[in-house]
Each structure stands twice: as C-alpha cells, then as structure tokens.
Asker: 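A single structure is presented below for examination.
Order of listing sets the numbers, starting from 1, for every ligand and every atom in it. Side-chain atoms are counted along with the backbone in the values below, which use heavy atoms only and exclude waters and symmetry mates.
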Amino acid sequence: MGIHERLGLTRVINARGTYTPLGVSRSSSAVVAAVAEALPEFVVVEELADRASDALADATGAQAGAVVHCTAAAITVAVAAAMAGTDAERIAALPDATGMRARVVVPEGHAVDYGQSNLQAIRLAGARVSVVRELESAFSESSEDVACVVLVSSRLAEPIDLGAAVRLAHDHAVPVIIDGAAQFPRVGELLATGAEAVLVSGQKYLASPTAGLVLGAREFVRAVRAQDGGIGRGMKPTKEAIAGVIAALGEWRGAAWVEREAEKVAAFVREAAKIPGIAAREWPDPAGLPVTRAVLTVEDADRLAAELAAGAPPIFVMKHGEELALELVTLNDNEVRAILDQLRAATGPMRC
Ligand SMILES: *Cc1c(COP(=O)(O)O)cnc(C)c1O
C-alpha cells in the first residue's frame, strides 16, 4: 500500500512542472536512500554543511554553497547576509535594521508571487524594498542600498540583461542576489554573471528534498551560514535534506537529462497532433531554461483543462494564453499515455 491509499490522498498526474502545490518533483531511489540513511543518525551538522558546500561547488562551479530550508527562505537569509554579514550583533538584531544599510532594489516586473510575494520574503529580513523602473538610475542617489534582487523565471514578462544588471549594481558596490528557483539546469550560466548569490530550489529540477541552495561567492555564503544564529534559525535545512541534496548533486547528468526530457516532449507532441481537434507544438522555455513544454491549441482550452482536472486520475495542466501548456518532466510512460488517452476521450467523436 502506498501513501495515497494509506492516507486517502488523490493520485494526480502533474503536467504543470515543478509545481509546489502538487509536490514539486520526484526524487530518485538514490536520493530516497540518502534521506533514509541520514534520518536515524547523529551527525556534526557543520561538517555536513561543509560537505554540501563542497558538493555544490563541484556540481555548479560556484566558490561555495549553503543549504537553507527553501528558496523563499533563501531570499530572506541572503538579504539578511547582505545586511548583517558575519557581525554577531547585527545578526542578533535583525529584523531590526537600525544602523544598517537596508534598501533592497528590485526591478519592476521582478516583484512576483510564487505563493508568497518575494517582496515579503525580502522585508522579512528587516529590509526596505524599492521597486524601480530603471536600474540605470536606481543606485545613484542612495548609500542606503544593501542588495539588488533580480529574478529569472519563465513567467517574467521582460527578462533583463542579467550581466549588465550585475555590472551596474557592482559599479555602486551593491551585491546582487539572483532568484533562479527553477533554474538548476542552467545555474552555471547564472553564476557567470558574477552575482554574489544565485538561489535555487533543490526540490525543483534537481529533485532533491525541499531545500534552498545558495550558490556564490565564498564570503557571501559564509555570511549566509552565519544567519543560522539569527533569523535563519527557523529557515534551517534538515540533516536529511542536506544529505538528499548531496546525493541528488552526485546523480545530476545535465545534458542527458535535457535530452531525455526533450525526446519525451517531442514524442508527446507527435501523438497529440494526431488527435482530431488538437493542434500541438513544442514550446521552448522563453527565459532560456533548457526545458521544452508541449502547447495544445484547442477550441475551448478552459473547458478541456477543467475536464482533464476532473478526470480519473486528475491531470493538471497550465494555461498559456488561450492555449494549454504541459510540462512532462519526470512523468513516466504510463502517465504520458494516460494524458493522451484522456485527450482523445475529451475531444473524441462521442462528444457533442
Ligand atoms: C518556486 C519559486 C520560489 C519559491 O521556492 P521555494 O523553494 O518553494 O521556497 C521562489 N522564486 C521563484 C521564481 C520560484 O519559482
């Protein structure tokens, strides 16, 4: 008996990608084993965190890395690190930012809601947010600036030139924090911008247990870890999450993963395109993530999405304008077949 039967949970097919309300991702058996191995053991957590830093550096090319609870936590802790550094008094004082630089610059359009506003995640550290229209003039007038937080996401309407944004902030001695929560497959490219920290959700494409990965400059990562003695305490990772992250990093095969997922989408699009009433195409990620989705054009996308969600098992897809988008990452052959079967049934000749 599995978790669904035992706890009376709905078995779903998740075609929304790394979608948090549906459980985000599936871990491999090696990651599961690493978690199970860690749970009954005592460890010196600092040592485990050091090993994680080495593993993150090896896998991504970052100087160092830290694990916190999740990316929402990573945003708060990274901003706190920019404000307090490793100064014990400041760490203890936050979120009271008296006497500290506390203005965080966020470009317009980079204020988003992933279930929580990222601006709240910044303010939780005690910082003050300035959402600015032009980064070019954002830093000039104020010595209050403590960090610049930018986002990389497929949902971003107008992606900015990250390298230029980092150079601009650095010209004013302001550290840059990149929220790339769903960007693990291209994390090297984000680190190459020179940002002090790139934040990634381990539980998204890396498929580790829930974990926020802070990757970046050695000094900055040291300051992030120092927040464990302050507001980072409630945002700490579990020992089993750290062990799971190390295992997932050891298994990660970027190019092979990208190729396998692309083939899956291509095969799905070929089959879906044969279904009467459906036009199907591949949709490469607009932000540059090496993940392709399938887009379906149908007469009534809302109705089809509702029918799929009401099916047995329920299938959850994304709206993409007036079309439907499906992400097939980590879905198995049976699930992909079930989606095609439900599409055929929903659009078939039996319907009037
Ligand atoms: C998922 C996501 C987050 C939140 O990540 P968690 O690890 O669930 O806290 C933050 N920012 C972006 C852009 C995301 O996609």
Asker: Side chains of Leu304 and Asp300: closer than 4.5 Å at any heavy-atom pair?
Answerer: no
Asker: For atom 10 (C) of ligand 1, find the nearest protein heavy atom and state the residue, atom name and distance (0.1 Å precision).
Answerer: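 The closest heavy atom on the protein side is Tyr114 CD2, 3.3 Å.
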Asker: Look at atom 3 (C) of ligand 1 and find which of Gln116, Met235, Lys204 reaches it with the closest heavy atom.
Answerer: Lys204
Asker: Does any N/O atom on Ser153 come nearer than 3.5 Å to any N/O atom on ligand 1?
Answerer: no
Asker: Can you tell me the protein heavy atom closest to atom 11 (N) of ligand 1 and the distance?
Answerer: Asp179 OD2, 2.7 Å
Asker: Which option, Ser154, Ala181, Gly202, Ser201, owns the non-hydrogen atom nearest atom 7 (O) of ligand 1?
Answerer: Ser201
Asker: Can you measure from CD (Glu327) to CG (Asn14) and round to the nearest 0.5 angstrom?
Answerer: 8.0 Å
Asker: Looking at atom 9 (O) of ligand 1, what's its closest protein heavy atom, distance included?
Answerer: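 Result: Ala72 N, 2.8 Å.
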Asker: May I ask you to list the atoms of ligand 1 that are less than 4.0 angstrom from any heavy atom of Leu151?
Answerer: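 By the 4.0 Å cutoff, the relevant atoms are 13 (C).
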Asker: Heavy-atom count check: over 12 atoms from other residues, nucleotides or ligands less than 6.0 Å from Leu7 CG?
Answerer: yes
Asker: Going by the angle between their ring planes, with limits at 30° and 60°, are Trp257 and Tyr205 parallel, tilted or perpendicular?
Answerer: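 Perpendicular, since the angle between the ring planes exceeds 60°.
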Asker: Nearest to atom 8 (O) of ligand 1, what protein heavy atom do you find, and at what distance?
Answerer: Gln203 NE2, 3.4 Å
Asker: Got more than 12 heavy atoms from elsewhere within 6.0 Å of CD, Glu5?
Answerer: yes
Asker: If we only count heavy atoms from C-beta on, is the Leu249 to Leu206 side-chain gap below 4.5 Å?
Answerer: yes
